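Labels below follow one simple rule: chain letters A, B, ... track the order of the sequence lines, proteins then strands, and each chain is numbered from 1. Here the structure is a predicted model, which means the values were calculated and not measured.
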Protein chains: 2
Amino acid sequence: MRDTYHEELDSIGEGLVEMARLVGSAMGRATTALLDADLQLAESVIEGDEKVNALQQDLEARAIQLLARQQPVATDLRIVVTSLRMSADLERSGDLAKHVAKLARLRYPVSAVPGHLHSTIMEMGQLAQRLMAKCADVITTKDVDMALEMETDDDAMDALHRKLFQHLMDDRWKEGIETAVDTTLCGRYYERFADHAVSCAGRVVYLVTGEHAEEVASAEG
Amino acid sequence: MRDTYHEELDSIGEGLVEMARLVGSAMGRATTALLDADLQLAESVIEGDEKVNALQQDLEARAIQLLARQQPVATDLRIVVTSLRMSADLERSGDLAKHVAKLARLRYPVSAVPGHLHSTIMEMGQLAQRLMAKCADVITTKDVDMALEMETDDDAMDALHRKLFQHLMDDRWKEGIETAVDTTLCGRYYERFADHAVSCAGRVVYLVTGEHAEEVASAEG
(Lines give C-alpha, C1' and ligand atoms only; values in the text may rest on other atoms or scores of the structure.)
Protein backbone atom coordinates (compact mmCIF):
# COMPACT_ATOMS: atom_id res chain seq x y z
CA MET A 1 0.00 0.00 0.00
CA ARG A 2 1.20 3.45 -0.86
CA ASP A 3 1.25 6.28 1.64
CA THR A 4 -0.60 9.56 1.22
CA TYR A 5 2.51 11.31 0.06
CA HIS A 6 3.11 8.97 -2.85
CA GLU A 7 -0.58 8.95 -3.67
CA GLU A 8 -0.44 12.73 -3.97
CA LEU A 9 2.66 12.49 -6.12
CA ASP A 10 0.99 9.91 -8.36
CA SER A 11 -2.06 12.07 -8.70
CA ILE A 12 0.11 14.95 -9.94
CA GLY A 13 1.53 12.58 -12.56
CA GLU A 14 -2.00 11.60 -13.55
CA GLY A 15 -2.91 15.27 -13.85
CA LEU A 16 0.00 15.79 -16.25
CA VAL A 17 -1.10 12.83 -18.35
CA GLU A 18 -4.64 14.20 -18.47
CA MET A 19 -3.33 17.60 -19.58
CA ALA A 20 -1.22 15.97 -22.30
CA ARG A 21 -4.20 13.99 -23.56
CA LEU A 22 -6.41 17.07 -23.58
CA VAL A 23 -3.97 19.27 -25.49
CA GLY A 24 -3.10 16.48 -27.95
CA SER A 25 -6.78 16.03 -28.72
CA ALA A 26 -7.22 19.82 -28.94
CA MET A 27 -4.46 20.08 -31.54
CA GLY A 28 -6.02 17.23 -33.55
CA ARG A 29 -9.43 18.91 -33.51
CA ALA A 30 -7.95 22.34 -34.24
CA THR A 31 -6.23 20.91 -37.32
CA THR A 32 -9.49 19.40 -38.56
CA ALA A 33 -11.27 22.71 -37.90
CA LEU A 34 -8.57 24.51 -39.87
CA LEU A 35 -8.62 22.20 -42.87
CA ASP A 36 -12.41 21.77 -43.00
CA ALA A 37 -13.17 25.39 -42.04
CA ASP A 38 -15.37 23.98 -39.26
CA LEU A 39 -16.41 26.90 -37.07
CA GLN A 40 -18.17 24.86 -34.40
CA LEU A 41 -15.18 22.59 -33.91
CA ALA A 42 -12.88 25.62 -33.75
CA GLU A 43 -15.09 27.20 -31.07
CA SER A 44 -15.06 24.01 -29.02
CA VAL A 45 -11.24 23.95 -29.05
CA ILE A 46 -11.08 27.61 -28.03
CA GLU A 47 -13.50 27.08 -25.15
CA GLY A 48 -11.88 23.81 -24.15
CA ASP A 49 -8.57 25.52 -23.43
CA GLU A 50 -10.01 26.90 -20.20
CA LYS A 51 -10.20 23.38 -18.85
CA VAL A 52 -6.49 22.93 -19.58
CA ASN A 53 -5.67 26.18 -17.79
CA ALA A 54 -7.81 25.18 -14.80
CA LEU A 55 -6.07 21.81 -14.66
CA GLN A 56 -2.70 23.51 -14.64
CA GLN A 57 -3.66 25.87 -11.84
CA ASP A 58 -5.04 22.99 -9.83
CA LEU A 59 -1.92 20.94 -10.43
CA GLU A 60 0.29 23.83 -9.45
CA ALA A 61 -1.64 24.41 -6.25
CA ARG A 62 -1.39 20.74 -5.34
CA ALA A 63 2.34 20.67 -6.06
CA ILE A 64 2.90 23.67 -3.81
CA GLN A 65 0.78 22.11 -1.06
CA LEU A 66 2.81 18.95 -1.36
CA LEU A 67 6.04 20.91 -1.02
CA ALA A 68 4.71 22.73 2.03
CA ARG A 69 3.23 19.72 3.81
CA GLN A 70 5.67 16.96 2.99
CA GLN A 71 8.84 18.94 2.44
CA PRO A 72 10.32 16.37 0.09
CA VAL A 73 14.06 16.24 -0.56
CA ALA A 74 16.32 14.72 -3.22
CA THR A 75 14.49 12.84 -5.98
CA ASP A 76 11.01 13.53 -4.64
CA LEU A 77 11.69 17.23 -4.55
CA ARG A 78 13.00 17.08 -8.10
CA ILE A 79 9.83 15.30 -9.21
CA VAL A 80 7.57 17.98 -7.82
CA VAL A 81 9.59 20.88 -9.21
CA THR A 82 9.86 19.18 -12.59
CA SER A 83 6.10 18.59 -12.62
CA LEU A 84 5.60 22.32 -12.35
CA ARG A 85 7.70 22.88 -15.44
CA MET A 86 5.99 20.08 -17.34
CA SER A 87 2.57 21.54 -16.57
CA ALA A 88 3.80 24.88 -17.96
CA ASP A 89 4.88 23.14 -21.20
CA LEU A 90 1.48 21.50 -21.49
CA GLU A 91 -0.46 24.66 -20.71
CA ARG A 92 1.47 26.48 -23.42
CA SER A 93 0.78 23.63 -25.86
CA GLY A 94 -2.93 24.14 -25.18
CA ASP A 95 -2.52 27.81 -26.09
CA LEU A 96 -0.95 26.83 -29.39
CA ALA A 97 -3.84 24.49 -30.24
CA LYS A 98 -6.14 27.40 -29.42
CA HIS A 99 -4.15 29.66 -31.77
CA VAL A 100 -4.68 27.18 -34.62
CA ALA A 101 -8.42 27.07 -33.83
CA LYS A 102 -8.56 30.87 -33.74
CA LEU A 103 -6.99 31.02 -37.17
CA ALA A 104 -9.68 28.60 -38.42
CA ARG A 105 -12.35 30.86 -36.90
CA LEU A 106 -10.80 34.04 -38.32
CA ARG A 107 -10.91 32.82 -41.92
CA TYR A 108 -14.23 30.96 -41.70
CA PRO A 109 -16.03 30.06 -44.01
CA VAL A 110 -12.81 29.69 -46.02
CA SER A 111 -10.00 27.41 -44.90
CA ALA A 112 -7.00 29.49 -43.83
CA VAL A 113 -4.78 26.90 -45.52
CA PRO A 114 -4.67 26.72 -49.34
CA GLY A 115 -5.63 23.38 -50.89
CA HIS A 116 -2.15 22.35 -52.01
CA LEU A 117 -0.85 22.67 -48.42
CA HIS A 118 -3.62 20.63 -46.79
CA SER A 119 -1.61 17.42 -46.82
CA THR A 120 1.46 19.07 -45.24
CA ILE A 121 -0.61 20.75 -42.54
CA MET A 122 -2.47 17.52 -41.92
CA GLU A 123 0.84 15.72 -41.47
CA MET A 124 2.05 18.41 -39.08
CA GLY A 125 -1.19 18.16 -37.10
CA GLN A 126 -1.02 14.38 -36.92
CA LEU A 127 2.63 14.38 -35.94
CA ALA A 128 1.95 17.00 -33.27
CA GLN A 129 -0.79 14.76 -31.88
CA ARG A 130 1.42 11.65 -31.95
CA LEU A 131 4.26 13.50 -30.20
CA MET A 132 1.91 14.62 -27.45
CA ALA A 133 0.47 11.10 -27.09
CA LYS A 134 4.03 9.80 -26.78
CA CYS A 135 4.75 12.49 -24.20
CA ALA A 136 1.78 11.21 -22.18
CA ASP A 137 3.15 7.66 -22.48
CA VAL A 138 6.59 8.81 -21.35
CA ILE A 139 5.06 10.46 -18.29
CA THR A 140 3.22 7.23 -17.45
CA THR A 141 6.00 4.76 -18.16
CA LYS A 142 9.06 6.95 -17.40
CA ASP A 143 10.62 5.23 -20.40
CA VAL A 144 13.84 7.13 -21.09
CA ASP A 145 14.43 5.50 -24.49
CA MET A 146 10.97 6.50 -25.64
CA ALA A 147 11.63 10.07 -24.51
CA LEU A 148 14.93 10.16 -26.39
CA GLU A 149 13.23 8.80 -29.53
CA MET A 150 11.07 11.90 -29.49
CA GLU A 151 14.05 14.07 -30.40
CA THR A 152 14.27 12.12 -33.66
CA ASP A 153 10.50 12.24 -34.18
CA ASP A 154 10.78 15.98 -33.83
CA ASP A 155 13.21 16.09 -36.77
CA ALA A 156 10.25 15.02 -38.92
CA MET A 157 8.35 18.09 -37.69
CA ASP A 158 11.29 20.31 -38.59
CA ALA A 159 11.37 18.72 -42.06
CA LEU A 160 7.64 19.39 -42.53
CA HIS A 161 8.17 22.94 -41.32
CA ARG A 162 10.93 23.43 -43.90
CA LYS A 163 8.67 21.92 -46.58
CA LEU A 164 6.00 24.44 -45.70
CA PHE A 165 8.52 27.27 -46.08
CA GLN A 166 9.64 25.92 -49.43
CA HIS A 167 6.04 26.13 -50.64
CA LEU A 168 5.84 29.69 -49.35
CA MET A 169 9.05 30.74 -51.05
CA ASP A 170 8.18 29.03 -54.33
CA ASP A 171 7.74 31.51 -57.18
CA ARG A 172 4.54 29.73 -58.08
CA TRP A 173 2.94 30.83 -54.78
CA LYS A 174 -0.29 32.49 -55.94
CA GLU A 175 -2.23 32.71 -52.68
CA GLY A 176 -1.18 36.20 -51.75
CA ILE A 177 0.26 37.68 -48.61
CA GLU A 178 -2.60 37.07 -46.16
CA THR A 179 -2.46 33.33 -46.74
CA ALA A 180 1.35 33.42 -46.57
CA VAL A 181 1.12 35.12 -43.18
CA ASP A 182 -1.49 32.60 -41.95
CA THR A 183 0.64 29.70 -43.16
CA THR A 184 3.77 31.10 -41.51
CA LEU A 185 2.06 31.48 -38.14
CA CYS A 186 0.38 28.12 -38.43
CA GLY A 187 3.66 26.37 -39.18
CA ARG A 188 5.19 28.02 -36.15
CA TYR A 189 2.33 26.88 -33.88
CA TYR A 190 2.83 23.24 -34.85
CA GLU A 191 6.59 23.47 -34.51
CA ARG A 192 6.36 25.06 -31.06
CA PHE A 193 3.72 22.54 -29.97
CA ALA A 194 6.08 19.71 -30.93
CA ASP A 195 8.95 21.44 -29.09
CA HIS A 196 6.89 21.57 -25.92
CA ALA A 197 5.95 17.89 -26.21
CA VAL A 198 9.61 16.96 -26.63
CA SER A 199 10.72 19.27 -23.84
CA CYS A 200 8.05 17.91 -21.49
CA ALA A 201 9.11 14.32 -22.18
CA GLY A 202 12.77 15.37 -21.87
CA ARG A 203 12.13 16.47 -18.31
CA VAL A 204 11.22 12.86 -17.51
CA VAL A 205 14.70 11.88 -18.71
CA TYR A 206 16.14 14.40 -16.31
CA LEU A 207 14.05 12.96 -13.49
CA VAL A 208 15.12 9.40 -14.15
CA THR A 209 18.78 9.92 -15.04
CA GLY A 210 19.58 13.25 -13.37
CA GLU A 211 20.89 14.48 -16.71
CA HIS A 212 19.29 16.64 -19.36
CA ALA A 213 17.90 14.84 -22.42
CA GLU A 214 20.48 16.36 -24.79
CA GLU A 215 23.36 15.10 -22.64
CA VAL A 216 21.96 11.58 -22.49
CA ALA A 217 21.29 11.58 -26.24
CA SER A 218 24.78 12.77 -27.13
CA ALA A 219 26.36 10.24 -24.77
CA GLU A 220 24.39 7.45 -26.44
CA GLY A 221 24.82 8.57 -29.99
CA MET B 1 21.55 41.38 9.59
CA ARG B 2 19.89 38.90 7.32
CA ASP B 3 20.21 35.16 7.82
CA THR B 4 21.66 32.79 5.23
CA TYR B 5 18.24 31.74 4.11
CA HIS B 6 17.12 35.23 3.20
CA GLU B 7 20.48 35.97 1.65
CA GLU B 8 20.00 32.97 -0.62
CA LEU B 9 16.49 34.10 -1.45
CA ASP B 10 17.74 37.60 -2.27
CA SER B 11 20.46 36.22 -4.46
CA ILE B 12 17.84 34.34 -6.50
CA GLY B 13 16.00 37.64 -6.96
CA GLU B 14 19.25 39.26 -8.08
CA GLY B 15 19.78 36.43 -10.55
CA LEU B 16 16.34 37.09 -12.04
CA VAL B 17 17.10 40.80 -12.37
CA GLU B 18 20.39 39.98 -14.08
CA MET B 19 18.60 37.66 -16.51
CA ALA B 20 16.01 40.35 -17.27
CA ARG B 21 18.73 42.92 -17.93
CA LEU B 22 20.63 40.53 -20.19
CA VAL B 23 17.63 39.54 -22.31
CA GLY B 24 16.39 43.15 -22.53
CA SER B 25 19.80 44.23 -23.80
CA ALA B 26 19.90 41.22 -26.16
CA MET B 27 16.57 42.23 -27.71
CA GLY B 28 17.78 45.80 -28.15
CA ARG B 29 20.96 44.64 -29.86
CA ALA B 30 19.09 42.06 -31.96
CA THR B 31 16.79 44.82 -33.22
CA THR B 32 19.75 46.99 -34.18
CA ALA B 33 21.38 44.02 -35.91
CA LEU B 34 18.15 43.39 -37.81
CA LEU B 35 17.63 46.97 -38.95
CA ASP B 36 21.29 47.68 -39.76
CA ALA B 37 22.01 44.20 -41.15
CA ASP B 38 24.91 44.02 -38.69
CA LEU B 39 26.25 40.48 -38.80
CA GLN B 40 28.76 40.86 -35.99
CA LEU B 41 26.15 42.24 -33.62
CA ALA B 42 23.75 39.44 -34.58
CA GLU B 43 26.42 36.84 -33.85
CA SER B 44 27.14 38.38 -30.46
CA VAL B 45 23.45 38.13 -29.49
CA ILE B 46 23.27 34.52 -30.64
CA GLU B 47 26.36 33.57 -28.65
CA GLY B 48 25.28 35.64 -25.65
CA ASP B 49 22.13 33.57 -25.21
CA GLU B 50 24.23 30.77 -23.72
CA LYS B 51 25.00 32.97 -20.76
CA VAL B 52 21.27 33.45 -20.19
CA ASN B 53 20.68 29.71 -20.33
CA ALA B 54 23.55 29.07 -17.92
CA LEU B 55 22.16 31.67 -15.53
CA GLN B 56 18.78 29.99 -15.62
CA GLN B 57 20.21 26.57 -14.91
CA ASP B 58 22.26 27.96 -12.06
CA LEU B 59 19.25 29.78 -10.65
CA GLU B 60 17.13 26.64 -10.90
CA ALA B 61 19.75 24.56 -9.13
CA ARG B 62 20.00 27.12 -6.34
CA ALA B 63 16.22 27.28 -5.96
CA ILE B 64 16.02 23.50 -5.65
CA GLN B 65 18.86 23.46 -3.12
CA LEU B 66 17.05 26.11 -1.14
CA LEU B 67 13.86 24.04 -1.14
CA ALA B 68 15.76 20.96 -0.01
CA ARG B 69 17.83 22.62 2.70
CA GLN B 70 15.48 25.18 4.13
CA GLN B 71 12.13 23.59 3.38
CA PRO B 72 10.33 26.92 3.27
CA VAL B 73 6.56 27.11 3.72
CA ALA B 74 3.85 29.66 2.98
CA THR B 75 5.08 32.87 1.35
CA ASP B 76 8.72 31.83 1.20
CA LEU B 77 7.80 28.63 -0.58
CA ARG B 78 5.69 30.60 -3.02
CA ILE B 79 8.61 32.93 -3.73
CA VAL B 80 10.94 30.09 -4.62
CA VAL B 81 8.42 28.28 -6.81
CA THR B 82 7.45 31.52 -8.55
CA SER B 83 11.12 32.31 -9.17
CA LEU B 84 11.41 29.08 -11.10
CA ARG B 85 8.58 30.16 -13.37
CA MET B 86 9.97 33.65 -13.78
CA SER B 87 13.34 32.28 -14.80
CA ALA B 88 11.57 30.16 -17.45
CA ASP B 89 9.87 33.33 -18.82
CA LEU B 90 13.20 35.09 -18.99
CA GLU B 91 15.04 32.18 -20.56
CA ARG B 92 12.36 32.00 -23.24
CA SER B 93 12.65 35.76 -23.82
CA GLY B 94 16.35 35.24 -24.46
CA ASP B 95 15.47 32.64 -27.10
CA LEU B 96 13.20 35.15 -28.81
CA ALA B 97 15.96 37.78 -28.93
CA LYS B 98 18.17 35.08 -30.43
CA HIS B 99 15.50 34.34 -33.06
CA VAL B 100 15.51 38.00 -34.12
CA ALA B 101 19.31 37.94 -34.33
CA LYS B 102 19.20 34.73 -36.38
CA LEU B 103 16.82 36.38 -38.83
CA ALA B 104 19.28 39.27 -39.15
CA ARG B 105 22.07 36.77 -39.83
CA LEU B 106 19.99 34.76 -42.32
CA ARG B 107 19.31 37.75 -44.56
CA TYR B 108 22.71 39.42 -44.20
CA PRO B 109 23.95 41.58 -45.99
CA VAL B 110 20.38 42.75 -46.61
CA SER B 111 18.10 43.84 -43.78
CA ALA B 112 15.29 41.30 -43.33
CA VAL B 113 12.94 44.22 -42.72
CA PRO B 114 11.92 46.44 -45.64
CA GLY B 115 12.70 50.15 -45.29
CA HIS B 116 9.14 51.37 -44.79
CA LEU B 117 8.75 49.05 -41.77
CA HIS B 118 11.96 50.06 -40.04
CA SER B 119 10.26 52.60 -37.80
CA THR B 120 7.56 50.12 -36.68
CA ILE B 121 10.10 47.40 -35.94
CA MET B 122 12.29 49.90 -34.15
CA GLU B 123 9.33 50.90 -31.98
CA MET B 124 8.56 47.26 -31.24
CA GLY B 125 12.19 46.62 -30.31
CA GLN B 126 12.36 49.67 -28.05
CA LEU B 127 9.07 48.86 -26.38
CA ALA B 128 10.19 45.26 -25.83
CA GLN B 129 13.34 46.56 -24.18
CA ARG B 130 11.41 49.04 -21.99
CA LEU B 131 8.98 46.33 -20.90
CA MET B 132 11.83 44.07 -19.89
CA ALA B 133 13.59 46.91 -18.03
CA LYS B 134 10.31 47.56 -16.19
CA CYS B 135 10.05 43.85 -15.42
CA ALA B 136 13.52 44.03 -13.83
CA ASP B 137 12.38 47.05 -11.80
CA VAL B 138 9.24 45.21 -10.68
CA ILE B 139 11.35 42.27 -9.50
CA THR B 140 13.58 44.65 -7.53
CA THR B 141 10.89 46.90 -6.06
CA LYS B 142 7.97 44.41 -5.89
CA ASP B 143 5.85 47.38 -6.97
CA VAL B 144 2.42 45.93 -7.78
CA ASP B 145 1.15 49.09 -9.46
CA MET B 146 4.11 49.16 -11.78
CA ALA B 147 3.51 45.52 -12.67
CA LEU B 148 -0.15 46.22 -13.40
CA GLU B 149 0.81 49.19 -15.59
CA MET B 150 2.67 46.76 -17.80
CA GLU B 151 -0.59 45.22 -18.98
CA THR B 152 -1.46 48.62 -20.46
CA ASP B 153 2.04 49.08 -21.86
CA ASP B 154 1.59 45.76 -23.57
CA ASP B 155 -1.49 47.10 -25.39
CA ALA B 156 0.92 49.38 -27.24
CA MET B 157 2.83 46.30 -28.40
CA ASP B 158 -0.40 44.72 -29.61
CA ALA B 159 -1.20 47.94 -31.50
CA LEU B 160 2.24 47.90 -33.15
CA HIS B 161 1.76 44.25 -34.01
CA ARG B 162 -1.59 45.07 -35.66
CA LYS B 163 0.04 47.94 -37.54
CA LEU B 164 2.67 45.55 -38.87
CA PHE B 165 -0.07 43.21 -40.09
CA GLN B 166 -1.87 46.10 -41.77
CA HIS B 167 1.28 46.84 -43.73
CA LEU B 168 1.53 43.19 -44.69
CA MET B 169 -2.07 43.02 -45.85
CA ASP B 170 -1.88 46.28 -47.76
CA ASP B 171 -2.35 45.82 -51.51
CA ARG B 172 0.66 48.04 -52.03
CA TRP B 173 2.93 45.41 -50.38
CA LYS B 174 5.62 44.92 -53.00
CA GLU B 175 8.30 43.10 -51.00
CA GLY B 176 7.25 39.58 -51.90
CA ILE B 177 6.52 36.52 -49.82
CA GLU B 178 9.93 35.92 -48.24
CA THR B 179 9.94 39.33 -46.62
CA ALA B 180 6.30 38.89 -45.61
CA VAL B 181 7.21 35.62 -43.87
CA ASP B 182 10.22 37.25 -42.16
CA THR B 183 8.09 40.18 -41.02
CA THR B 184 5.36 37.88 -39.69
CA LEU B 185 7.80 35.85 -37.62
CA CYS B 186 9.61 38.92 -36.43
CA GLY B 187 6.38 40.54 -35.27
CA ARG B 188 5.52 37.42 -33.38
CA TYR B 189 8.93 37.32 -31.65
CA TYR B 190 8.48 40.85 -30.29
CA GLU B 191 4.92 40.19 -29.22
CA ARG B 192 5.86 37.00 -27.38
CA PHE B 193 8.87 38.69 -25.78
CA ALA B 194 6.57 41.41 -24.42
CA ASP B 195 4.12 38.75 -23.20
CA HIS B 196 6.88 37.05 -21.24
CA ALA B 197 8.00 40.35 -19.69
CA VAL B 198 4.42 41.08 -18.62
CA SER B 199 3.88 37.54 -17.38
CA CYS B 200 7.13 37.59 -15.40
CA ALA B 201 6.20 40.88 -13.74
CA GLY B 202 2.66 39.57 -13.18
CA ARG B 203 4.07 36.77 -11.06
CA VAL B 204 5.42 39.39 -8.69
CA VAL B 205 1.83 40.62 -8.26
CA TYR B 206 0.86 37.10 -7.35
CA LEU B 207 3.68 36.91 -4.83
CA VAL B 208 2.74 40.16 -3.13
CA THR B 209 -1.05 39.93 -3.25
CA GLY B 210 -1.66 36.18 -3.52
CA GLU B 211 -3.85 36.88 -6.54
CA HIS B 212 -3.11 36.66 -10.23
CA ALA B 213 -2.39 39.93 -12.04
CA GLU B 214 -5.59 39.77 -14.12
CA GLU B 215 -7.73 39.43 -10.99
CA VAL B 216 -6.09 42.39 -9.30
CA ALA B 217 -6.39 44.50 -12.46
CA SER B 218 -10.09 43.73 -12.92
CA ALA B 219 -10.83 44.39 -9.24
CA GLU B 220 -9.15 47.79 -9.53
CA GLY B 221 -10.66 48.93 -12.69
Using non-hydrogen atoms only, which part of A:L168 is less than 4.5 Å away from chain B: side chain, backbone, both, or neither? both

Sidechain-backbone polar pair: B:Q71 side chain, A:Q71 backbone, donor-acceptor under 3.5 Å: yes

Checking B:R85 against chain A: side chain, backbone, both or neither under 4.5 Å from a heavy atom? side chain

Which pair of heavy atoms, one from B:V73 and one from A:A68, lies closest together, and at what distance? CG1-O, 3.8 Å

Going from NE2 on B:H167 to CD1 on A:I177, what distance comes out if it is rounded to the nearest 0.5 angstrom? 14.0 Å

Identify which part of B:V181 has an atom lying under 4.5 Å from any heavy atom of chain A, answering side chain, backbone, both or neither. both

Take a 6.0 Å sphere around CD of B:E50 and say whether it holds more than 12 heavy atoms from other residues, nucleotides or ligands. no

Report, as yes or no, whether the 6.0 Å neighbourhood of atom CG on A:D155 holds more than 12 heavy atoms from other residues, nucleotides or ligands. yes

Are any of the side-chain heavy atoms of A:W173 and B:E178 separated by less than 4.5 Å? no

By number, which residues in residues 98-109 of chain B have some heavy atom less than 4.5 Å away from chain A? B:H99, B:R107

Sort B:I64 into side chain, backbone, both or neither according to what part of it lies under 4.5 angstrom from a heavy atom of chain A. both

